[in-house]
Amino acid sequence: MASIEELSADDTLLIAGPPMTGKYDLMLRLLVAYSQQYIVISTKNNAERVRNDLRRVAHEVSDDDIGVIDCVSHRETMESVQDTQSTKFVSSPQNMTGIGVKFTDLFGRFHDELNRGHTGVGLHSISQLLMHSDVKTVYQFLQVLVGQIRSAEWLGVAVVDTAVTDTENFQLLQHHFDGIIETRESTEGKREYRIRGLTPVTTEWRAF
Amino acid sequence: MANDEAPTVLVVEDEEELAATFERWLTPTYRVRTAHTAESALSTMDEAVDVVLLDRRLPDQPGEEVLWAIREAGYDCRVAMITAVDPDVDILDMEFDDYVVKPVPKDELIEIVDGLLALSTYDEQVQRSFGLATKIAVLESEKPTEELQNNDQYLSIRRELDRLRQEINATLADFEADSFTRAYRDLGRTDDE
């Protein structure tokens, strides 16, 4: 039976569940468990927050080993934000071309220059992309992104909030991933997950 | 000579010797057409053309005009501009897919054509996969899982999508960093279709 302790470092995974079921924390945990370098595409938290959150989980990780594509700060601060080597800013989650082009920058740096270990890519979250663009464009974007992650045999972990995402859109987009990790809160208030797609049978719910 | 199934490349270049050289390089793999002026480029252009290699400087009109006319006519082809100098910011807004600075060595020319063709193949595959994934999503939201396991139409669409996804992964495996960037740039463009 598959569990989050038995994944492969080159899996591409979609974490799906309602709000407050620990999807973002689980994404960070998986990135840290299976890789040493991280690129996070963030539509919700700014780069500084993402770095702090990752450091909290990973303990010893140097700033250089974290790349962030921040789609938040530009809108929130209304000030001009400057790209650095490892932090890139995109005006809005709507600008998926911008996200992709800057991801390709970071991809080259992590793949060809740094290469100090396995890289894990986080995308938080698909729901936000869907709020700003039609499902076809998001589908095309994920096709390229997941394909690029696969081409390097990296880990990919994306998050989708099932409460705000149309069921049909969710069904459509999940085809891009090797496996789906569903999250929920149990009746006792515990966070649980189960995995679909990696094994012939969906796993039982387990606490995490 | 390339066979009838081979992709078609239109070379638009006023230096006849250079055009002939490009043609010689490309002929083993592709069907090649050649034009030396903007006017003949447009009269040679049709739906069958997959890639246009377009010189920026032509005797009758600038290459930009040809590019504009090709896009305006709605041809679904890839265009690489061939320029004598590095392009300035002013032409970056133009809808070409790639550019190359003269002199163009053989390897680079073939790499560019191959890269643009891979991108077209990729586009077409993704469009098809989106269609299949949409059908699957509709069936999944309409019918219970148990019923779908015995639904031939559903199962055959799923198999087709699985096959297509393997083809897409094979196409992506040949992508260079530039191809990924171009695929991301295409996101806005295919939006209108």
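As the structure is a prediction and not an experimental result, all values here were calculated from the model.
For B:R165, the part lying under 4.5 angstrom from a heavy atom of chain A is the side chain only. Proximity to chain A (any heavy atom under 4.5 Å) is restricted, for B:I168, to the side chain, taken from C-beta onward. For A:F141, the parts sitting under 4.5 Å from any heavy atom of chain B are the backbone and the side chain alike. With a 4.5 Å cut-off on non-hydrogen atoms, B:F175 does not touch chain A at all. Using a 4.5 Å cut-off between heavy atoms, B:A177 contacts chain A through both its backbone and its side chain. A:S151 touches chain B through its side chain: at least one heavy atom from C-beta onward sits under 4.5 Å away, while N, CA, C and O do not. Within the 4.5 angstrom heavy-atom criterion, atoms from both the backbone and the side chain of B:S129 approach chain A. A:F103 touches chain B through its side chain: at least one heavy atom from C-beta onward sits under 4.5 Å away, while N, CA, C and O do not. Both the backbone and the side chain of A:L145 come within contact range of chain B, each with at least one heavy atom under 4.5 Å from a heavy atom of that chain.
Contact annotation: the side chain of A:H176 never approaches that of A:T12 to less than 4.5 Å [non-hydrogen atoms, C-beta and beyond]. Side-chain contact check for A:Y193 versus A:S3: some heavy-atom pair is nearer than 4.5 Å.
Between B:D46 and B:R33, at least one side-chain nitrogen of the basic residue sits less than 4.0 Å from a carboxylate oxygen of the acidic one, meeting the salt-bridge criterion.
Among the candidates A:Q171, A:H111, A:Q148, A:R150, the residue making the largest number of heavy-atom pairs closer than 4.5 Å to chain B is A:Q148. For chain B, the option among A:V146, A:T104, A:V144, A:N169 with the highest count of heavy-atom pairs below 4.5 Å is A:V144.
Neither side chain, B:E23 nor B:Y30, offers a donor N or O lying under 3.5 Å from an acceptor on the other.
With rounding to the nearest 0.5 angstrom, the CG atom of A:N45 is 10.0 Å from the OG atom of A:S73.
A side chain to side chain contact (heavy atoms under 4.5 Å, CB included) with A:T87 holds for exactly one of A:R51, A:Q82, A:E48, A:K102; it is A:R51. Under the side chain to side chain contact (heavy atoms under 4.5 Å, CB included) rule, B:I82 has a single partner from B:L53, B:V11, B:L18, which is B:L53.
In this structure, A:M20 places its CE atom where only 12 or fewer heavy-atom neighbours from other residues, nucleotides or ligands lie under 6.0 Å away.
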